[in-house]
Amino acid sequence: MAGVEGRLCEEFSPAYYGLCTVGGMLSAGATHLAITPLDVLKVNMQVNPIKYNRMGTGFSTLWKEQGPSSLWRGWSGKLFGYGVQGGCRFGLYEYFKKLYSDALIYHNKSTIFFLSSASAQVFADVALCPFEAVKVRVQTQPYFAKGLVDGFPKLYSTEGVSGFYRGLLPLWGRNLPFTVIMFTTFEHSVDLIYRNIMQRRKEDCSRAQQLGVTCLAAYAAGAVGTVVSNPADNIVSSLYNKKAANVMQAVKNIGLVNLFTRSLPVRITLVGPVITLQWFFYDSIKVLCGLPSSGGLTRRLEEANISSE
């Protein structure tokens, strides 16, 4: 990766941000589609924890009562909704990281990661919210709709535009902490691996080595982010299924301990591998286009951070 001859585009150009957006869409959409059965179980465990109290029996109950097709209910919302979210999250993160790197040269790099990921996620969740509203209802209400095509008009006719964004605030509450922690952990993990384990600059490593670092950092990032975001994830499911009228009522109904523990095992099973695969696919697209893998700041900010340490 020493030269730039084989690059499809230059870093921080409009084409680069477009490539990152497309890469984010493909990686997030494909990985979320693959784990649809686990997501169906997770949502039902959150909405009906007495009936679906364990992973093994939960799958068995869904299979027996609603058939094997029930495990793929909401797949279109996963593919398109999380594809759009992934495109916004990764593409805008790259954009905001460059923007804040240039504007906040002598600030701690954790501040850059925090602001960049939070800014990107705000827009990503606005894009995701309508898809998520339909997906959760399709997964937990068997007769609501078959998917997005009939789900969107039905939700609009019964609840109006507000029905699509009823869960936006708790969605931000779930995804903003997760994304901030995930991206910041990922960035610091990448830096730690290159500096203390590889003991080489990223540019001096092979493509395979760069992708290996990406996978290690991504799994750590996903595991940490899952625990932080679990309470808000339970609240989102409760609100979408009208188990509570507002956030405070949802918290009261679920209980403080259950906010942190309900569906946590299945979420850890889901999120760790999903985040790892997302970063792997995303960075594979980048390196195949001749670009370096993710992680790190612009050289000017790196030098400023080093000089201030």
Side-chain angles (χ1 to χ4, degrees), residues 28-83 85 128-159 163-164 166-167 170-171 174 226 229-245 249-255 257-274 277:
T31 51
H32 277 281
L33 174 64
I35 49 88
T36 297
L38 282 169
D39 186 64
V40 171
L41 176 61
K42 181 209 74 171
V43 173
N44 279 279
M45 288 177 71
Q46 291 172 333
V47 174
N48 195 345
I50 297 176
K51 185 175 182 179
Y52 303 99
N53 56 5
R54 292 197 304 272
M55 289 181 64
T57 57
F59 276 125
S60 177
T61 301
L62 283 169
W63 186 287
K64 290 178 181 177
E65 293 187 358
Q66 301 178 32
S69 62
S70 66
L71 299 177
W72 291 96
R73 189 177 293 133
W75 69 265
S76 56
K78 296 286 286 181
L79 175 62
F80 296 108
Y82 283 90
Q85 186 207 42
L128 168 67
C129 203
F131 295 92
E132 184 77 353
V134 175
K135 177 190 75 75
V136 171
R137 287 169 173 82
V138 169
Q139 290 178 334
T140 58
Q141 302 171 28
Y143 302 105
F144 176 79
K146 293 182 179 179
L148 294 179
V149 175
D150 54 341
F152 270 120
K154 184 171 184 179
L155 182 57
Y156 179 76
S157 65
T158 55
E159 300 184 37
F164 293 107
R166 183 188 304 276
L171 201 61
R174 177 188 73 184
T226 300
S229 63
N230 201 61
D233 190 60
N234 281 300
I235 293 172
V236 168
S237 293
S238 179
L239 289 174
Y240 277 143
N241 284 278
K242 299 182 180 179
K243 297 290 183 178
Q249 185 180 344
V251 172
K252 183 178 179 181
N253 291 347
I254 297 170
V257 174
N258 285 334
L259 276 177
F260 287 91
T261 59
R262 181 178 293 175
S263 75
L264 183 59
V266 70
R267 285 197 74 224
I268 290 175
T269 304
L270 276 168
V271 176
V274 166
L277 285 173

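All residue numbers refer to positions in the sequence shown, counting from 1.
Although no hydrogens or angles enter the test, the distance criterion places a donor-acceptor pair under 3.5 Å between the side chain of N234 and the main chain of R262. Under a 3.5 Å cut-off, the side chain of N44 and the backbone N or O of V40 do form a donor-acceptor pair. Put simply, the side chain of R73 never gets that close to the backbone of S69: no donor and acceptor are under 3.5 Å apart. Using modelled atom types, one side-chain atom of T158 and one backbone atom of K154 make a donor-acceptor pair closer than 3.5 Å. Using modelled atom types, no side-chain atom of N230 and backbone atom of T226 make a donor-acceptor pair closer than 3.5 Å.
Atom-to-atom distance recorded for L264:CG and N258:CG is 11.5 Å, nearest 0.5 angstrom. The OH atom of Y52 lies 4.5 Å from the CG atom of L62; values are rounded to the nearest 0.5 Å.
Inter-residue side-chain proximity for V47 and S238 is flagged as unmet; no heavy-atom pair is nearer than 4.5 Å. With a 4.5 Å cut-off on side-chain heavy atoms, M45 and N53 do not count as touching. Residues P37 and W72 have side chains in contact (heavy-atom distance under 4.5 Å, counting atoms from C-beta outward). Taking the side chain as every heavy atom from C-beta outward, I50 and N48 approach each other to under 4.5 Å.
The heavy-atom pair separating A250 from I235 by the smallest distance is CB-CG2, 4.1 Å. Here the closest non-hydrogen pair linking L239 and A244 is CD2-O, 3.6 Å. Nearest heavy-atom pair, P170 versus A232, reported as atom, atom and distance to 0.1 Å: O-CB, 3.9 Å. Annotation for G151 and V134: closest pair CA-CG1, 3.8 Å, computed over non-hydrogen atoms. In terms of heavy atoms, L155 sits closest to A133 at CD2-CB, 3.9 Å.
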message = Quick one, L38 with M55, criterion side-chain contact (heavy atoms from CB on, under 4.5 Å). Give me CA distance, side-chain angles, the key distance, then yes/no.
response = CA-CA 9 Å; L38 282 169; M55 289 181 64; 3.9 Å; yes
inquiry  = Please determine whether side-chain contact (heavy atoms from CB on, under 4.5 Å) holds for the pair H32 and L79, giving the CA-CA distance in whole Å, both sets of side-chain angles, and the decisive distance to 0.1 Å.
reply    = CA-CA 6 Å; H32 277 281; L79 175 62; over 6 Å; no
key: From CA spacing to verdict: side-chain contact (heavy atoms from CB on, under 4.5 Å), D233, K42   = CA-CA 10 Å; D233 190 60; K42 181 209 74 171; 3.3 Å; yes
ask   = Can you check side-chain contact (heavy atoms from CB on, under 4.5 Å) on K78 and I35, steps first, answer last?
value = CA-CA 9 Å; K78 296 286 286 181; I35 49 88; 3.6 Å; yes
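Classified by interplanar angle (parallel below 30°, tilted 30° to 60°, perpendicular above 60°), the ring pair F164/F152 is tilted.
If you check the side chains of R267 and S229, you find a donor sitting under 3.5 Å from an acceptor. Looking only at atom types and distance, the side chain of D39 has a donor-acceptor partner in the side chain of Q139 under 3.5 Å away. Donor-acceptor pairing under 3.5 Å is recorded for the side chains of Y82 and E132.
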